[in-house]
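Comments concern the structure below.
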There are 2 protein chains.
Amino acid sequence: MTETATEEKIKEAARIVFMEKGYAAAGMRDIATKAGVNLSLVNYYFRSKKNIFQIIMLEKMHIIFGNIIPYMVDENTTLEEKLNHIATVYIDTISEDPNLPMFVFSEFQKNPEDFSFLFPIKKINFNEISIIKQFKTIRPDINPAHFMLNFLGLTIFPFIAAHLFSKMNTGIFDNIQTVIKERKSFIPLWMKSILETNLTAK
Amino acid sequence: MTETATEEKIKEAARIVFMEKGYAAAGMRDIATKAGVNLSLVNYYFRSKKNIFQIIMLEKMHIIFGNIIPYMVDENTTLEEKLNHIATVYIDTISEDPNLPMFVFSEFQKNPEDFSFLFPIKKINFNEISIIKQFKTIRPDINPAHFMLNFLGLTIFPFIAAHLFSKMNTGIFDNIQTVIKERKSFIPLWMKSILETNLTAK
DNA sequence: AATTGTTTTAAACATTTGTTTAAAACAATT
DNA sequence: AATTGTTTTAAACAAATGTTTAAAACAATT
């Protein structure tokens, strides 16, 4: 099956090039070259640049959301179990593809219209999923958006800032990959403290 | 002074266009059109695309770091005062330019070499600045990178995720701007809880 | 009023872009 | 061995890119 072989070679090259340079700066010739393949073959197998981009983006969206939402929905785990599990799995997953969050957030912001193809994912009502319901019973006084922003901020932000921070030579972000891995066990504990924080205090 | 007027018109247009589309997707014609000015004038006043981009980027870097580092260095405030002050000022500042963090982080990642012009900023040794020293006396057991990642993650991440989250129709990120403003008072309290969290617990 | 210097314009420049074409190479089937 | 269908190639396409040119318009000075 030479057909599938070259098609996959192109896809893998597209993953790397789009991820590194973003949609706008990525060239069809970059992809072809990285795949070690004739330029025309990229259009032959994937019709257009926008099309192959959307295929890669859909893949990435599944990784960044598909690995997290099933655990959030699970009615058979406690909130503490969810936080433990998700923090670990998520940091491990993204560590294999550290630019993924940046890629998804930044490409979405630049061309929100081009993401209509993933309306299936967008249909989830967070007020109905387990993790939010569990949070609401503990802290009915706080907007659950805070809870999600805190959890995802603590987990995802280090990946987004890693490049810049480690090249700034501050002396504290030198081996940031090691630091990020430590956070797998720290984040659930910090989240627990945050959950217990009294916000009405003067 | 018509000269300064058009030069500033071009600069302002460049700010908007670069911010919206990023370096690669931004065109010289986009900038000229948005400035209401002839295409050649962009090169006349700013020589090249890369040059005008670096001018804008330097501006943005000053906003995102210049507004935060002076307070971190200040030896005359307590850690609690610093957290209170920075959270408020920073959220207010970035709220006026919500795409700033995304812009800076993503453009840096794509072309780190093009940021050599800001080596002055990079010279700061975080181990010597007040906020880190204060943290170290309270929690010598934890890598200060965690402290900074937590604080900046809680503060900055909501801006990075806002676009995607609010368009996902989850039901909890509807008026995310209001939520973000609430965080000005919440984040210092959460940080205090995080600081007191025992991480050695089984 | 003539001259000088600066700003603006329209046109063109050479490259680079995504995409298409048509022929060649290859594989499989009859 | 001839035919069919698929894959790969080289070349070309039109459109868009950043930049330059040279003339025009304008302002200021002598």
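First the proteins, then the strands, lettered A, B, ... as listed; each starts at 1. Note that this is a predicted model, so its numbers are computed, not measured.
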For residues 32-39 of chain B, which side-chain N or O atoms pair as donor and acceptor with protein atoms under 3.5 Å away, sequence neighbours left out?
residue	atom	partner	partner atom	Å
B/T33	OG1	B/R29	O	2.7
B/N38	OD1	B/S40	N	2.9
B/N38	OD1	B/S40	OG	3.4

Report, as a single string ordered 5' to 3', how protein heavy atoms within less than 4.0 Å touch nucleotides 18-24 of chain D: B base, S sugar-phosphate only, - not at all. BBBB---

Expressed in angstrom and rounded to an integer, what is the separation of [X] atom [atom1] from [N] atom [atom2]?
X     : N      : atom1 : atom2 : value
A/N38 : D/dA12 : CG    : P     : 15 Å
B/K9  : C/dT7  : NZ    : C1'   : 12 Å
A/D30 : C/dT19 : CG    : P     : 14 Å
A/I10 : D/dT9  : CD1   : C1'   : 13 Å

What residues form a side chain to side chain contact (heavy atoms under 4.5 Å, CB included) with A/D30, not counting sequence neighbours? A/V17, A/K21

Set of side chain to side chain contact (heavy atoms under 4.5 Å, CB included) partners for B/F159, sequence neighbours left out: B/I91, B/I94, B/S95, B/P98, B/P101, B/I180

Using a 6.0 Å cut-off, check whether atom CD of B/E80 has over 12 heavy atoms from anything other than its own residue. no

Is there a side-chain contact between A/P158 and A/R183, using heavy atoms and a 4.5 Å cut-off? yes

Which pairs pass salt bridge (Lys or Arg N to Asp or Glu O under 4.0 Å) with one or both residues in residues 124-153 of chain B, sequence neighbours excluded? B/E75-B/K133, B/R139-B/D141

Would a line drawn from the ring center of A/F165 to the ring center of A/F173 be shorter than 6.0 Å? yes

Flag the pair B/H146 / A/F186 as yes when their ring centroid distance falls below 6.0 Å, and as no otherwise. yes

Any chance you could encode DNA chain C as dot-bracket? Rule is Watson-Crick or G-U wobble with both distances under 3.5 Å; [ ] for pairs crossing earlier ones, | for another strand. ||||||||||||||||||||||||||||||

